[in-house]
Protein chains: 2
Amino acid sequence: MYNQLYFVICMDFLIELKNAGFTSRLKRLSDALLYSTKDFYKTVGADIEPNWHLVFLILKRQGALSLTDISDQLQLSHPAIIKIVNNMKSKGYVETKTDTVDSRKQIITLTELALVTLPRLEAYWAAFEETVQDIMKDCPDFLTDLGKVEENLRGSSFKDRTLMNLNSTTKQLL
Amino acid sequence: MYNQLYFVICMDFLIELKNAGFTSRLKRLSDALLYSTKDFYKTVGADIEPNWHLVFLILKRQGALSLTDISDQLQLSHPAIIKIVNNMKSKGYVETKTDTVDSRKQIITLTELALVTLPRLEAYWAAFEETVQDIMKDCPDFLTDLGKVEENLRGSSFKDRTLMNLNSTTKQLL
DNA sequence: TGAATTAATATAACTGGTTATATATTTGTA
DNA sequence: TACAAATATATAACCAGTTATATTAATTCA
């Protein structure tokens, strides 16, 4: 009952927190999109995970890439890419071979199966793009603003900025 | 070498993807904030996790709450709250007792330790709020726009919208 | 050339969320 | 009142990222 009511009058604890709720709202939204995407793939019977998308894309566009090439460009950690690639490999979508010049490197490429499957996946991804456009229809600057936030954090991290703010406030009190 | 260059000229594979990179950028940002926050707590020597923040806040404001009260209001799943509460309990910040009226319910409250620790944590959270303000200084509508996106998705989920988009495109081809 | 440094990959352990499922208690109703 | 349905909590299994650490190969430089 209480929870029903809570939604009906559309209170949202996180939104009420204003700036203090920002990071949690971002995570909540990000998670919602992630699990909704998983659900979508399950419904349409596609045997892939949401986070394979970027790896499919980058390999299709750039051909053979090493693990670190991928992790650098996607700005994800190496272990993250290793896991994704291993999973894609186990489903037969990518194959790896050690570089002939530098035997430390694993060169990753899409398989025939991947190339055959891609058109179907690309139809899904086009539909997702449309959805993204839809949900941002009434806020056309959202993506640009997101870029500004990313850019600001590139200059100085969330942690560093907060340490600075903490220190300046503490000093003011003295 | 390549990866260095990649950053210097500030190319970003996800940003180049435009709408197709939206969800991944949201996740990347959300994760960056999360791990930066963990790092912050570690640096200042606070023995708490980022996701305890909301539970601290809601319990301070609303006093005793059941697990479902919390999960409904924060819009997180029950298991998520159970884990957070168990961790907070193991550190002595909350205590639970079964409701006298409805013995299914676990009533959660902040402990003395929590109340004593809160002022220190609140100083951190105030600094975080400042940081949020800082990184959104040049995009004052970002939070409002985030609200619009959340609102749009409340109407129809990411998955449902995408299924619709997929069907309408497919039909157009016939 | 040999030793120290750097780079690439791999693995372990962790946090943080989700579904799916089970169990016990309450509530609603025939 | 008894039984079915709903509610509250708990647990298992999973996916998705991180940091920290180890290992091996390549590079640098004295």
Side-chain angles (χ1 to χ4, degrees), chain A residues 1-4 23-24 26-39 41-42 48-55 65-72 74-90 96-108 159, chain B residues 1-4 23-24 26-39 41-43 47-55 65-72 74-90 96-108 159:
Chain A
M1 265 146 271
Y2 180 50
N3 43 340
Q4 299 293 354
T23 56
S24 298
L26 225 46
K27 172 139 188 66
R28 187 172 67 179
L29 177 57
S30 166
D31 282 336
L33 297 178
L34 174 65
Y35 286 97
S36 216
T37 302
K38 289 170 87 81
D39 196 7
Y41 285 138
K42 194 177 173 186
I48 69 166
E49 296 294 335
N51 57 355
W52 300 5
H53 181 185
L54 294 175
V55 175
L65 289 174
S66 73
L67 279 169
T68 40
D69 287 340
I70 297 175
S71 64
D72 285 340
L74 301 187
Q75 293 175 40
L76 289 173
S77 65
H78 314 155
I81 303 299
I82 290 175
K83 286 182 200 173
I84 294 171
V85 163
N86 280 339
N87 291 337
M88 291 177 74
K89 203 169 157 183
S90 76
T96 59
K97 63 175 214 290
T98 59
D99 190 304
T100 49
V101 181
D102 184 341
S103 72
R104 291 171 306 179
K105 283 190 180 173
Q106 289 292 309
I107 304 298
I108 299 143
K159 174 203 172 187
Chain B
M1 266 147 275
Y2 179 51
N3 44 341
Q4 299 292 353
T23 57
S24 298
L26 225 48
K27 171 138 188 66
R28 188 172 65 178
L29 178 57
S30 166
D31 282 337
L33 297 179
L34 174 65
Y35 287 98
S36 217
T37 302
K38 289 170 88 79
D39 197 6
Y41 285 138
K42 194 177 172 186
T43 298
D47 194 20
I48 70 166
E49 296 297 334
N51 57 354
W52 300 4
H53 183 186
L54 295 176
V55 176
L65 289 173
S66 73
L67 278 168
T68 41
D69 287 339
I70 297 175
S71 64
D72 285 339
L74 300 187
Q75 292 175 39
L76 289 173
S77 65
H78 313 155
I81 303 299
I82 290 175
K83 286 183 200 173
I84 294 171
V85 164
N86 281 339
N87 291 337
M88 291 177 73
K89 203 169 156 183
S90 76
T96 60
K97 64 173 213 292
T98 59
D99 189 302
T100 49
V101 181
D102 183 341
S103 72
R104 291 172 305 179
K105 282 190 180 173
Q106 290 292 308
I107 303 300
I108 299 143
K159 174 202 173 188

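These numbers were taken from a predicted model, which means no experiment stands behind them. To find a chain, count down the sequence lines: A is the first, B the second, and so on, and within it residues start at 1.
For the pair A:Ile81 CD1 and D:dA16 P, the interatomic distance rounds to 12 Å; values are reported in whole Å. A:Tyr35 places its OH atom 13 Å from the C1' atom of C:dA20, with the value rounded to the nearest Å. In this structure, CG of B:Asp72 is placed 11 Å from P of D:dT7, rounded to the nearest angstrom. The CD1 atom of A:Ile84 sits 15 Å away from the C1' atom of D:dC14 (whole-angstrom rounding). When the P atom of D:dT19 is taken as reference, atom NZ of B:Lys38 falls 10 Å away, rounded to whole Å. Nucleotide C:dA7 holds its P atom 17 Å from the CG atom of A:Asp99, rounded to whole Å. Rounded to a whole Å, the CD atom of B:Gln106 is 12 Å from the P atom of C:dT26. Rounded to a whole Å, the CG atom of A:Leu33 is 16 Å from the P atom of C:dG17.
For the pair A:Ser30 (side chain) and A:Leu26 (backbone), a donor-acceptor distance under 3.5 Å is absent. Side chain of A:Ser36 to main chain of B:Lys159: a donor-acceptor pair is present (N/O by atom type, distance under 3.5 Å, no hydrogens or angles).
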Given the rule in the side-chain contact (heavy atoms from CB on, under 4.5 Å) test, do A:Thr23 and A:Lys27 qualify, once you have shown the distances and angles that lead to the verdict? CA-CA 6 Å; A:Thr23 56; A:Lys27 172 139 188 66; over 6 Å; no
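Just one of B:Ile70, B:Leu65, B:Asp69 meets the side-chain contact (heavy atoms from CB on, under 4.5 Å) condition when paired with B:Ile108; it is B:Ile70.
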Using a 3.5 Å cut-off and no angle test, enumerate the donor-acceptor pairs between side-chain atoms of residues 78-86 of chain B and protein atoms at least two apart in sequence or in another chain.
residue, atom, partner, partner atom, Å
B:Asn86, ND2, B:Ile82, O, 3.3

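If you check D:dT18, C:dA10, D:dC15 against the side chain of A:Leu76, the one that comes closest is D:dT18. The A:Glu49 side chain lies nearest to D:dC15 when the options are D:dC15, C:dG17, C:dG16. Distance from the side chain of A:Thr68 is smallest for C:dA8 among the nucleotides D:dT18, C:dA8, C:dG16. When distances run from any side-chain atom of A:Asn51 to the nucleotides D:dG17, C:dG17, C:dG16, the shortest one goes to D:dG17.
Counting only heavy atoms from C-beta outward, the side chains of A:Gln106 and A:Thr98 approach each other to under 4.5 Å.
Between D:dC15 and B:Lys27, no contact under 4.0 Å exists linking OP1 or OP2 to a side-chain N or O. Between B:Asn87 and C:dT15 there is no side-chain N or O to OP1 or OP2 distance below 4.0 Å. The shortest distance between the side-chain N/O atoms of A:Ser77 and the OP1/OP2 oxygens of D:dT18 is below 4.0 Å.
In terms of the side chain to side chain donor-acceptor pair (under 3.5 Å) criterion, B:Ser77 has no residue partners (sequence neighbours excluded).
For a distance-only test at 3.5 Å, the side chain of B:Lys83 fails to qualify as a donor-acceptor partner of the base of D:dT11.
When heavy atoms are screened at a 4.0 angstrom cut-off, A:Pro79 is found touching base atoms of the nucleic acid. At a threshold of 4.0 angstrom between heavy atoms, the contacts of A:Ile82 include nucleobase atoms, whether or not backbone atoms are also involved.
Here B:Arg104 contributes atom CZ and B:Leu67 contributes atom CG; the two are 13.0 Å apart, rounded to the nearest 0.5 Å.
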Could you run down the sub-3.5 Å N/O contacts of the protein with nucleotides 25-27 of chain D?
residue, atom, partner, partner atom, Å
D:dA25, O3', A:Ser103, OG, 2.7
D:dA26, OP1, A:Ser103, N, 2.8
D:dA26, OP1, A:Ser103, OG, 3.2

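Each of B:Asn86 and B:Asp31 lies near DNA chain D, and the nucleotide nearest B:Asn86 is the one positioned closer to the 5' end. Both A:Lys42 and A:His78 lie close to DNA chain C; mapped to their nearest nucleotides by heavy-atom distance, the more 5′-ward contact belongs to A:His78.
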